[in-house]
Structures are given as structure tokens and as C-alpha cells.
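The first residue of the sequence shown is numbered 1, and numbering continues consecutively from there.
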Amino acid sequence: MDVCPAAGALGGAGAGDLDPAFADATAKLSNASLFSSDRIEVSVEVCLKPTSSARHEDVKDAIERMLHNQGLSLVDGPVNFQQTEEAFLIDNVQSVLCDTGRGTGDCVLLFWQVYFKVSVYQLNEEGAADDEGDGAEELPSFQEWSLPAKEFHGLWESLIYATGLKQRLLQYSKTAVLFADKGVDHNLISWNRVILLHGPPGTGKTSLCKALAQKLAIRFKDRYHSSQLVEVNAHSLFSKWFSESGKLVTKLFQKIQDLVEDADSLVFVLIDEVESLAAARQAALSGSEPSDSIRVVNALLTQLDKLRSWPNVVVLTTSNITGAIDLAFVDRADIKAYIGPPTLEARYEILRSCMKELERTGLISSSANGSISETFVSYDTLLQSMNCSMPDILSNSLLQTAEAAEGLSGRVLRKLPFLAYAGMALETKVDTHHFLVALKEAAQRERSERDTNDK
């Protein structure tokens, strides 16, 4: 585990272990750093219990006291607040999550290097509300979620991608809000608050959009009193009546505009498989697509341009076939991120998280050396141990399974533990070693079937 830059030699020492002269110098450095603009923002997300009625300010103060009393260092991930002596936190708080923005927790930050941005929230348990449409035979044109929603809790943390992708999306969104708050002239500097995630099916593009909306709703809780996610049903916008589809798109966005007129509400618009609405108009002109698709694209582009004047809306879109999207829409996307099949590191970390969950639920047994969390080390730590000729046996076995799963999507990877367990035909707790063998066989079988279908 590495100490982040400027941490010096303090990474493993407690305050009582320091030489007095060195401790005095450290205190001076700490005091100077407290007023430095170079300190790193650490987001601390505090989820309250559904029954809690505690004031958010009181919770923030208690959390900050707890974090400062915990010691010199902090890392990414869940914070154990159960050991605190404050009964107030135990009675009101469901979970605490720390995010330094530096990765998976291999980098330790010292408390004088950071300042805490604490966000306190409660999950909405009402579920999605459907647009009723104009008749019983019509499909709803969208679903509306009040964020943060119970259904999306923990989704962001469960998604594993190439390093930096999720932080890039968060930083973009923070910058978009900052530019809007500062009144940056759209005519001089252009940004549309449109994100396009593209790539093959099963890579988690839609889940990432929902998780991003949830995360931003939490992070901007002090800025906006409420947040909504509007998930557009693109297929419902194509009318059986000629020339009506463009009008339906306009009607949908008028409803969205009603939501964004509340300046204290943050609105996310999710358009999945956006190519169905933003199909390239050149195809229609050549006769390979119906002419009504031109009206749909024109209506969509017009409505997106209208939304630019509202600073409290973010448009999230996904596509499996970006080549079919009209270039005018692609140009309006500020970020165009490719979401490809998981890398070896991502496959390993996905499977490692699955092993932790199976242990939590009691479906597989812990190793003799400790819990699954302690047994299966992170990918970076595993590589270091292999370089030192001291590979961890179980972790190395999991790595071999990740290698056998090359080319499988994240969706299939998350399904492998279920398939492996079903294949063992056991109802009792499974030994970790035997389960890893079954997991590798399941990966090889899925890959073989995929290769057969591709021929």
C-alpha cells in the first residue's frame, strides 16, 4: 500500500510512535497544510437509515469528528463507524462511504492532506413512476425516478472499468455545474451537458448512466433540493401514424422542460440505445430508412438545443452502434466514452467482488487464513506478490479464471458465480477451492459457447 505524494514517512506510524522533534515538525507541516489550496477533496457519503429524522448538519459534524479521531490515514471504501463511541451515529446512520478520487484504496492519504466534503442523504423507496401516456394501449414514454433511489444504491461501486473513467465522468459533471453557476457565456464557450457512452452490449453502459445520476444526486445534495432521473422509452416514441413520431418527441421534451423549470431540482435524462432516435438522416435520404426518422432526429436535436439554456439538466445517452447515429447528435455530446469488454484487471476485480458477496451470504466458506476479503488481494497487490515469487495461491487461481474469461462482457461475468454454483448441485456451503474450479469451468464453457455462436 503506497502513501500518496507529500505523505512522507508517516504512512505506517501512529501519533504516539513519532520522535518528539519529528512530531513537532509534523504538527507545523499539518497546520500549514490545513490552509493550503493544494489539499485534496475527499467525498464522504453518509446514508441515513429510513427511520432517521436527524438534522443533516448534526450528522455532518459527528462524521467529521469521527474521521479526525480515527487516526492519520484514510483510504477509499466503506468506513467502519460501528466502533465509534457516538451512539448518535449508530442510531441514525446506515452506511458511510469514503471516496478520495484516487482509485481503489491502494493509495493512503493523511488527514492534513485533505478536506472533507460530507454529503448526507436518505434513499427514496418509492420506485419508478410511469408516464401514463394518452391511452391504455400506448407504452409509457418514460419512467421517472426520485434520486437517490434505493434501487441504485451501491451500483456505482459495483461497476468496474478502466482506471479513470468514472472519475472523468464525475469531474465533467462538476465542471458543467461550475460553469453554469459562474454564468459562463454559451456563445463563447460551448458545452451541452450531453454524455454519450458507446460500445458492445453487456458492458454496463446503462447501469453506469443510472449510477452516475445517483452519485451526482448525492454529491450535489446541498446544491439542489431534489433530483430526478427520466428514463426515456425510445420505442414508444415511434407512432404507427405517419409523421406523428416527431411530435411525440417534442411532447416528451415539453414534459422534461416542466421539470427543469424548477431551478432547485437537478434533472437527468437517460436515452438508452439513442441510435433508435438519432439515426443518421443520410440513411433516410437514401431510402433505406423511413422519412419519418428525419423528423424524429430534427425534433430531438431541436429539443436538446433548447435544454442548453437550463443549467440543471444532464442528458445521458448510450449506443451499441455509434456508426448509425447522426453526426449532428454526436457533435453535441461533450464526452464520447467507449465502454469496451472488461480488461484482465477489471475481470479479476469483478470476480473478486463476487467472491466477497458469496461469502457475505454464507454460500461459500472462508479460507483457513481469514475472510475472503483478506484472502483475495487486489489486482495490483497480486502482481507485486508474483514479481516477488510469492504468489497467493487462491488469488492466483482467481486470476487464472479471469484470464479464461477473456472477451466475456461484464454482464456475463456477473452471471458466472451463479452458473458455477448451479453446476455443483449443492445446497450446503461450498469450499472456496472447489468453487474456484467450478468458476473457471463456467468461464471456459461460456467462452466456448460464445465462440461457437460467432462462427
Side-chain angles (χ1 to χ4, degrees), residues 39-48 52 54-57 59-64 66-67 74-79 81 93-105 109 114-124 145-159 161 164-182 191 193-195 197 207-230 259-260 262-270 310-316 334-335 337:
R39 287 187 298 154
I40 299 168
E41 178 182 298
V42 172
S43 295
V44 181
E45 300 170 9
V46 184
C47 180
L48 297 181
S52 173
R55 291 176 63 248
H56 287 195
E57 289 303 319
V59 176
K60 285 184 180 181
D61 292 342
I63 288 293
E64 288 182 356
M66 180 198 71
L67 291 172
L74 57 101
V75 295
D76 284 336
V79 176
F81 64 94
V93 173
Q94 177 173 311
S95 64
V96 180
L97 188 68
C98 179
D99 180 12
T100 66
R102 294 286 177 117
T104 59
L109 289 171
V114 307
Y115 66 94
F116 297 114
K117 186 179 184 301
V118 182
S119 302
V120 182
Y121 67 98
Q122 278 178 302
L123 296 172
N124 187 289
W145 305 80
S146 292
L147 301 177
K150 181 180 179 181
E151 290 82 356
F152 305 146
H153 186 55
L155 181 58
W156 178 265
E157 289 71 33
S158 72
L159 297 171
Y161 296 101
L165 172 63
K166 295 197 293 186
Q167 288 302 323
R168 178 189 173 202
L169 293 175
L170 280 177
Q171 191 57 44
Y172 160 78
S173 303
K174 290 171 61 178
T175 303
V177 172
L178 175 65
F179 273 43
D181 286 345
K182 294 296 184 180
W191 78 101
R193 294 184 302 281
V194 176
I195 296 173
L197 304 182
S207 295
L208 181 56
C209 286
K210 293 178 178 179
L212 177 62
Q214 175 98 336
K215 184 64 65 174
L216 294 174
I218 295 171
R219 298 283 177 93
F220 292 140
K221 195 68 177 175
D222 293 339
R223 173 68 175 78
Y224 297 99
H225 68 71
S226 65
S227 299
Q228 288 83 34
L229 170 63
V230 178
L259 294 175
V260 302
D262 181 359
D264 292 326
S265 180
L266 183 58
V267 179
F268 301 93
V269 181
L270 169 58
W310 303 95
N312 56 324
V313 59
V314 178
V315 180
L316 309 166
D334 300 322
I335 287 186

Checklist entry - Any sub-3.5 Å donor-acceptor pair from Asn312's side-chain atoms to Asp262's backbone N or O? => result yes

Checklist entry - Quick check: does any side chain N or O of Asp99 sit under 3.5 Å from a backbone N or O of Ser43, one acting as donor and the other as acceptor? => result no

Check whether any side-chain heavy atom of [X] sits under 4.5 Å from a side-chain heavy atom of [Y], and report yes or no.
{"X": "Leu208", "Y": "Leu197", "value": "yes"}
{"X": "Gln122", "Y": "Cys47", "value": "no"}
{"X": "Val315", "Y": "Arg193", "value": "no"}
{"X": "Lys215", "Y": "Glu157", "value": "yes"}
{"X": "Leu316", "Y": "Val314", "value": "yes"}
{"X": "Leu147", "Y": "Gln228", "value": "no"}
{"X": "Thr100", "Y": "Ile40", "value": "no"}
{"X": "Asn124", "Y": "Lys150", "value": "no"}

N-O pairing of [X] and [Y] below 4.0 Å:
{"X": "Arg55", "Y": "Asp61", "result": "no"}
{"X": "Glu45", "Y": "Lys221", "result": "no"}
{"X": "Asp264", "Y": "Arg223", "result": "no"}

Value rounded to 0.5 Å, distance of [atom1] in [X] from [atom2] in [Y]:
{"X": "Phe152", "Y": "Ser158", "atom1": "CZ", "atom2": "OG", "result": "12.0 Å"}
{"X": "Leu266", "Y": "Ser226", "atom1": "CG", "atom2": "OG", "result": "8.5 Å"}
{"X": "Leu159", "Y": "Lys210", "atom1": "CG", "atom2": "NZ", "result": "11.5 Å"}
{"X": "Phe220", "Y": "Ser119", "atom1": "CZ", "atom2": "OG", "result": "9.5 Å"}

Checklist entry - Crowded around Tyr121 OH? As in, over 12 foreign heavy atoms under 6.0 Å? => result yes

Checklist entry - Any chance NZ of Lys117 has more than 12 other-residue heavy atoms, nucleotides or ligands included, within less than 6.0 Å? => result yes

Would you name the heavy atoms of [X] and [Y] that are closest together and state the gap between them?
{"X": "Ser207", "Y": "Leu155", "answer": "O-CD2, 3.4 Å"}
{"X": "Ser52", "Y": "Ala54", "answer": "OG-N, 3.3 Å"}
{"X": "His225", "Y": "Ser265", "answer": "NE2-N, 4.5 Å"}
{"X": "Val114", "Y": "Arg39", "answer": "O-NH1, 3.4 Å"}
{"X": "Ile63", "Y": "Val46", "answer": "CG1-CG2, 3.8 Å"}
{"X": "Asp334", "Y": "Trp191", "answer": "OD1-CA, 3.6 Å"}

Checklist entry - Is the gap between the ring centers of Phe268 and Trp145 under 6.0 Å? => result no

Checklist entry - Of the options Ile218, Val93, Leu48, which is the one that meets Val120 in a side-chain contact (heavy atoms from CB on, under 4.5 Å)? => result Leu48

Next on the checklist: What verdict does the side-chain contact (heavy atoms from CB on, under 4.5 Å) test give for Val177 and Tyr172, after you've listed the backbone C-alpha separation in whole Å, the side-chain angles of each residue and the deciding distance to 0.1 Å?
Outcome noted: CA-CA 9 Å; Val177 172; Tyr172 160 78; over 6 Å; no

Checklist entry - Between Leu67 and Val44, does a side-chain contact (heavy atoms from CB on, under 4.5 Å) hold up when you go through it step by step? => result CA-CA 10 Å; Leu67 291 172; Val44 181; 3.8 Å; yes

Next on the checklist: Please determine whether side-chain contact (heavy atoms from CB on, under 4.5 Å) holds for the pair Leu123 and Gln214, giving the CA-CA distance in whole Å, both sets of side-chain angles, and the decisive distance to 0.1 Å.
Outcome noted: CA-CA 10 Å; Leu123 296 172; Gln214 175 98 336; 3.9 Å; yes

Next on the checklist: Using the rule given for side-chain contact (heavy atoms from CB on, under 4.5 Å), can you reason through Leu170 versus Leu216, listing the C-alpha separation, both sets of side-chain angles and the distance that settles it, and then say yes or no?
Outcome noted: CA-CA 8 Å; Leu170 280 177; Leu216 294 174; 3.8 Å; yes

